[in-house]
Amino acid sequence: MRKRIAVLCAASVLAAGAVLLVPTVTTDTSQGDTRVLGITVNKGHTILVGPTDPITFPVEVTAQDDSGIRSVSPIGVWGPSYGVLKVSPMTCEPTSHTVSVCRGTATVDPSRKDVYNDEAGTWFVDLKVNANDGDRFVGQTAGGFSLKRAARISGYDVPSHATAGQELTVKGWLNRAFWSDNKYHGYEGGTAYLQFRAHGSARWSTVATAVSDATGTVTAHVRATASGEYEWYSPGDKWTGGAVSSPLTVTVAAHPQP
């Protein structure tokens with residue numbers, strides 16, 4: 001059975017036909033001068049989740065109240081299609097009489113079905129900040145971050161030796177984590193760029209663009225111009241992380257003299 005519809009602050013109420021599915025509708029509201037100064041998830045970096053290995057990432061909340069901050073609780077993170085993860089109890093450290101930094105962690109384990117394929121994308125922090133004088137700040141979308149499916153790309157079919165002007169067919173396989181069966185599979189519609197770097201140069205140049213077919217295969221046709229290396233680069237998208245293949249080396253010889 002598909003995972004539970006989780007509750008972070010109160011019982012969920014879903015409006016029929018709603019486009020954005022939020023995890024909570026709560027009667028609890030902000031009160032007083034408590035406010036959130038900043039939220040950082042995974043130190044501002046995208047969270048890339050492979051097919052099996054658990055990932056633990058930090059959640060940091062900076063909050064302010066004229067009486068000081070007592071706690072951040074409850075707190076959780078949520079994403080598309082009812083995706084919900086728990087955050088550990090937050091430890092708050094005051095940096096002044098009014099400001100505290102509260103830290104905790106969350107873990108996503110695809111092997112335990114913490115996430116499903118359609119839950120990749122933009123996630124949010126749902127929290128309640130409690131001040132020493134009873135004031136509070138409540139927010140369901142207090143901070144946004146990216147949680148994506150990890151991707152890989154490989155390259156093949158480049159000959160180790162070629163003649164100047166020879167047409168080369170360079171292929172690659174673009175694949176990403178499927179949390180449904182905890183494996184990598186090729187996927188259709190991903191964009192990949194074939195890049196080339198001549199021997200002795202530090203600069204990569206894009207020489208072709210390809211879109212993966214139903215099997216995840218990308219194909220490009222280029223002319224050999226100089227000795228160097230080819231690599232595939234896929235920047236990813238809102239749901240899938242980026243990937244770079246290992247370099248493919250080719251030595252190009254000049255046309256033989258007649």
Side-chain angles (χ1 to χ4, degrees), residues 1-47 49 55-109 113-116 118-148 238-239:
M1 181 177 179
R2 179 88 183 207
K3 94 165 68 162
R4 74 285 159 207
I5 299 176
V7 176
L8 298 183
C9 295
S12 295
V13 178
L14 298 178
V19 175
L20 177 62
L21 299 176
V22 297
T24 62
V25 173
T26 176
T27 58
D28 202 357
T29 59
S30 299
Q31 174 182 300
D33 64 347
T34 307
R35 62 193 182 111
V36 170
L37 302 180
I39 294 178
T40 303
V41 178
N42 199 38
K43 299 182 180 180
H45 302 298
T46 296
I47 300 164
V49 183
I55 301 292
T56 297
F57 55 91
V59 179
E60 182 178 288
V61 178
T62 303
Q64 182 181 51
D65 185 272
D66 61 1
S67 68
I69 301 299
R70 184 176 80 251
S71 65
V72 174
S73 180
I75 180 171
V77 295
W78 65 273
S81 300
Y82 309 115
V84 176
L85 298 173
K86 294 180 180 179
V87 177
S88 69
M90 303 287 281
T91 300
C92 295
E93 298 180 3
T95 58
S96 71
H97 293 300
T98 61
V99 177
S100 288
V101 178
C102 304
R103 298 178 175 89
T105 60
T107 298
V108 52
D109 187 346
K113 301 307 178 189
D114 286 347
V115 285
Y116 289 81
D118 59 358
E119 293 173 353
T122 301
W123 284 56
F124 298 95
V125 177
D126 185 340
L127 83 173
K128 180 179 178 181
V129 180
N130 307 290
N132 290 322
D133 60 3
D135 289 351
R136 60 182 177 269
F137 173 89
V138 179
Q140 283 80 50
T141 56
F145 63 97
S146 292
L147 188 150
K148 299 182 180 183
K238 181 179 179 180
W239 308 275

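Worth knowing before you read on, the calculation uses all heavy atoms, side chains too, and leaves out hydrogens, waters and symmetry mates.
Atom CZ of R136 and atom CG of L127 lie 13.0 Å apart (nearest 0.5 Å). We find the CG-OG1 distance between N132 and T98 to be 11.0 Å, quoted to the nearest 0.5 Å. Here the CG-OG1 distance, from L85 to T105, works out to 11.0 Å after rounding to the nearest 0.5 Å.
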side-chain contact (heavy atoms from CB on, under 4.5 Å) between D66 and D133, intermediate numbers included: CA-CA 9 Å; D66 61 1; D133 60 3; 3.4 Å; yes
Just do the side-chain contact (heavy atoms from CB on, under 4.5 Å) check on V101 and T62 with the steps written out, would you? CA-CA 4 Å; V101 178; T62 303; 3.8 Å; yes
So V99 and Q64, side-chain contact (heavy atoms from CB on, under 4.5 Å) or not? Walk me through it. CA-CA 4 Å; V99 177; Q64 182 181 51; 3.6 Å; yes
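The two residues S100 and P94 come nearest to each other via the heavy atoms OG-CA, 3.4 Å. Of all non-hydrogen atoms in W123 and V84, the two that sit nearest each other are CH2-N, 3.8 Å. Across Q140 and W78, no two heavy atoms sit closer than the pair O-NE1, 2.8 Å. The heavy-atom pair separating M90 from G104 by the smallest distance is SD-N, 3.4 Å.
I39 places a side-chain heavy atom less than 4.5 Å from the side chain of V61. Contact check for L147 versus N42: no side-chain heavy atoms found under the 4.5 Å cut-off. Side chains of D65 and D33 form a contact here, defined as non-hydrogen atoms less than 4.5 Å apart.
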Taking distance alone, no hydrogens or angles, what donor-acceptor pairs closer than 3.5 Å link side-chain atoms of residues 68-77 to residues at least two apart or in another chain?
unit_1, atom_1, unit_2, atom_2, d
R70, NH1, A131, O, 2.8
S71, OG, N130, ND2, 3.0

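Evaluation of the disulfide (SG to SG under 2.5 Å) test over residues 63-109, restricted to residues two or more places apart or in two chains, returns C92-C102.
Annotation: R103, atom CZ; neighbour count of heavy atoms from other residues, nucleotides and ligands within 6.0 Å is above 12.
Side-chain atoms of T34 do not come within 3.5 Å of backbone N or O of F137 as any donor-acceptor pair.
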